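Every chain is numbered from 1, with letters handed out A, B, ... down the list of sequences. None of these values were measured; they are calculated from a predicted model.
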There are 2 protein chains.
Amino acid sequence: MTKKTSGNVTIVDVAREAGVSYTTVSRVLNNKENVKPETRERVLTAMTRLGYVVDQRARSLAGGHSQVIGLLVHDLGTSYIGLIIRGIEAELAPAQYDLLLYTTHRRKTKESVYVATLTRGLADGLLIVLPRNPGAYLETLRVSNFPYVLIDHRGVSEEISAVTAANWQGGYTATEYLIKLGHRRIGHITGSMDQGCARDRLEGYKAALADHGIPFDPELVQEGDFFQPAGYNGTRALLNLPDPPTAIFAANDVMAFGAMEAIRECNLRIPEDVSVMGFDDIPEASRVHPPLTTIQQPLEEMGRLATRMLLERLRDPAIGPRRVELPTRLIVRQSCQPPGRGNAQAGG
Amino acid sequence: MTKKTSGNVTIVDVAREAGVSYTTVSRVLNNKENVKPETRERVLTAMTRLGYVVDQRARSLAGGHSQVIGLLVHDLGTSYIGLIIRGIEAELAPAQYDLLLYTTHRRKTKESVYVATLTRGLADGLLIVLPRNPGAYLETLRVSNFPYVLIDHRGVSEEISAVTAANWQGGYTATEYLIKLGHRRIGHITGSMDQGCARDRLEGYKAALADHGIPFDPELVQEGDFFQPAGYNGTRALLNLPDPPTAIFAANDVMAFGAMEAIRECNLRIPEDVSVMGFDDIPEASRVHPPLTTIQQPLEEMGRLATRMLLERLRDPAIGPRRVELPTRLIVRQSCQPPGRGNAQAGG
DNA sequence: CTGGTGTGTGCAAACGTTCACAAAACTCTT
DNA sequence: AAGAGTTTTGTGAACGTTTGCACACACCAG
């Protein structure tokens, strides 16, 4: 038993134990070449004998990298974010990185504050999920050349690495599916219009209408914010229209749940009276009644890919920005059907 | 404009700019007494002029505390954990702490590895949510006198700070409610039996049965693990019994969703044919069809309280362990009704 | 004018690493 | 068997902060 049983074991202690200099211990620690296998072995056993654990603070202060990635999200507790984080962690763990979590809970100012501290050594890189007002700090980040990747947001310029889903395509596919079922009046509840993904989905919706010769009716579009009440309120407004839609396409599943709530409260049936289409395919989508037809976003894969891109950039800072759009696909369940059949059934 | 436009601004730069020594800057930074108000002012303006941000790594290396709290959870993406984290962050943010996130994804070995690195300076304290096999490292933590608080788990000894919900009481209340509706055969799908909360809920269930003179039938208890498939499988098994239950009490909402799935697949109705009771009251519970009657756990409050306890302990290490149990309460929705009414309705 | 008691400030040494550079120890050549 | 080249190891100075100690100065009582 060595003298230092309590307190912290440092590389100096390990060096003494192994009979080498602390530099050699550091080399072993960092898997540097040019260490005689026998010496390495001796250091390694000394480490385990002493129960040595590297001090990340010191390492990062001296060496410049902290093995920590910052994650900026606006909220947790949704499977949307859960799936993304699952992907992130899956890539981070084998690379020995830790995850520092910042949630902004929609308080816009907080994001820029976090970014400042993060870039001061606490983290080596940053993953930003669906920022609310990226303009405020993305430029700061870019100028300071701090590595980061955006998830589900295209950012303010082409110079920014980003992983997104094919939102336009998803919006198009969803709308086209409803059109092909026979719907002509299709309501849309948008996401936060300050976010590109929401705008893209709306554009996809418009494009599908246009391609099938259906005139765009602004009355049928309600601005939402990706939260359930917006889906509910938007749907109530749509159903109160003189000529209400026979189908509602919500810009995400959560708002689609709100839509379902509203439709039921109006004593209408899903999908007999009104069809509902979501976006995301979060796990709950298959659990609600009726199971929600929706557009699947590869959330976990988005997290994985963004992380891979970030780590790649960390290894080689020369790598330029990369922008990847992952495909979305239609998941047909039971919340959509051709219009008018509800009445027919009820009447027959 | 000063010379150092790029790179990092240190206290030395600030000191030069303000015409004081770096020690004084450090004093201002830490709000130490004995700094002339005028000097303090001068340092402060120098800081903002230079855009100084403190380097947490250096601060923590020199000073001993990192202003980071580690959070150990086994999975994200459920509102269960989302609510807890919301509570944690609400308390952490004003105290200027950051959150380092570790998810174990049910891989038991990882937890102990994390604990080792965490205690080496990366974090000042640890919050552990519902650990899988705490025995492995809780003892290590206790011995090294590292501050931590358990959430939703009572730990291995009375010496451990923990915040839990009244699980026994919740199990009792849920079961008693079903009994009072008239159910006599009540199935129970347990959580992971290696966790105290799961055992407590089961014990509450048994106690309620006993208090109402209903003999305990082991056939009616299916072991689960808090995940949806377990709810599904357990329910299928229960419904295949020669004398199946008329109500099912799942140890959490997510398994209750699985139960609902299974019941529907057997062409039975909820609650007419089988009543379903959950536990947790996650937001989805009110959204499923029919809305789930469940036992509410004050998850956000549990996160808040645990964090307050941890910060308190950080301020005064002499504080001993505290164990708090927050109350649970029954939320009546529409997934439970008296037994036998389903047939009556169908026949009438 | 001296000696005390504060206050405000500065110096130097930590904290535990990494890294550039230098030195030492090998391995080949010839 | 010596010199060149290569591998291995060690020394010293960072990294940016906190903190113990010492010092300068003002103030007051004697």
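Remark: A:Arg59 is in phosphate contact with C:dT18, judged by side-chain N or O atoms under 4.0 Å from OP1 or OP2. Regarding contacts with the backbone of C:dT9, every side-chain N or O of B:Ser21 stays at 4.0 angstrom or more from both OP1 and OP2. Taking side-chain N and O atoms only, A:Thr23 has no distance below 4.0 Å to OP1 or OP2 of D:dT11. Side-chain nitrogen and oxygen atoms of A:Tyr22 include none within less than 4.0 Å of the OP1 or OP2 phosphate oxygen of C:dC19.
A:Val20 comes within contact range of the sugar-phosphate backbone alone, with a heavy-atom separation under 4.0 Å but no base atom that close. Residue contacts shown for B:Ser60 are absent, as no nucleic acid heavy atom lies under 4.0 Å away. Backbone-only engagement by B:Asp55 is indicated by non-hydrogen atom pairs under 4.0 Å involving sugar-phosphate atoms exclusively. If you check every strand for non-hydrogen atoms under 4.0 Å, A:Thr24 touches sugar and phosphate atoms only.
Between the CG atom of A:Asn34 and the C1' atom of C:dC26 there is a distance of 12 Å, given to the nearest Å. In this structure, CG of A:Asn30 is placed 16 Å from C1' of D:dT8, rounded to the nearest angstrom. The nearest whole Å value for the distance from the CD atom in B:Gln56 to the P atom in D:dT18 is 9 Å. Atom P of nucleotide D:dA24 and atom NZ of B:Lys36 are separated by 17 Å, given to the nearest angstrom. Separating the NE2 atom of A:His65 from the P atom of C:dT18 is a distance of 8 Å, rounded to the nearest angstrom. In this structure, B:Gln67 places its CD atom 15 Å from P of D:dT17, rounding to the nearest Å. In this structure, the CG atom of B:Leu50 is 14 Å from the P atom of D:dG16, given to the nearest Å. Per the geometry, CD1 belonging to A:Ile11 stands 10 Å off P belonging to C:dG16, to the nearest Å.
Between the CG atom of A:Leu150 and the CZ atom of A:Arg154 there is a distance of 10.0 Å, given to the nearest 0.5 Å. In this structure, CD1 on A:Ile151 lies 9.0 Å from CG on A:Leu310, to the nearest 0.5 angstrom. Expressed to the nearest 0.5 Å, how far CE of A:Met47 lies from CD1 of A:Ile11 amounts to 8.5 Å.
You'll find a donor-acceptor pair under 3.5 Å spanning the side chain of A:Arg27 and the base of D:dG10, going by distance alone.
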For a salt bridge (Lys or Arg N to Asp or Glu O under 4.0 Å) check, start with the C-alpha distance between B:Arg308 and B:Glu91, then their side-chain angles and the critical distance, and finish with the verdict.
CA-CA 7 Å; B:Arg308 277 202 298 273; B:Glu91 293 291 328; 3.0 Å; yes
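Closest to the side chain of B:Lys32, out of C:dT9, D:dT19, D:dG16, is D:dT19.
Between the B:Ser192 side chain and the B:Asp194 main chain, no donor and acceptor come within less than 3.5 Å of each other.
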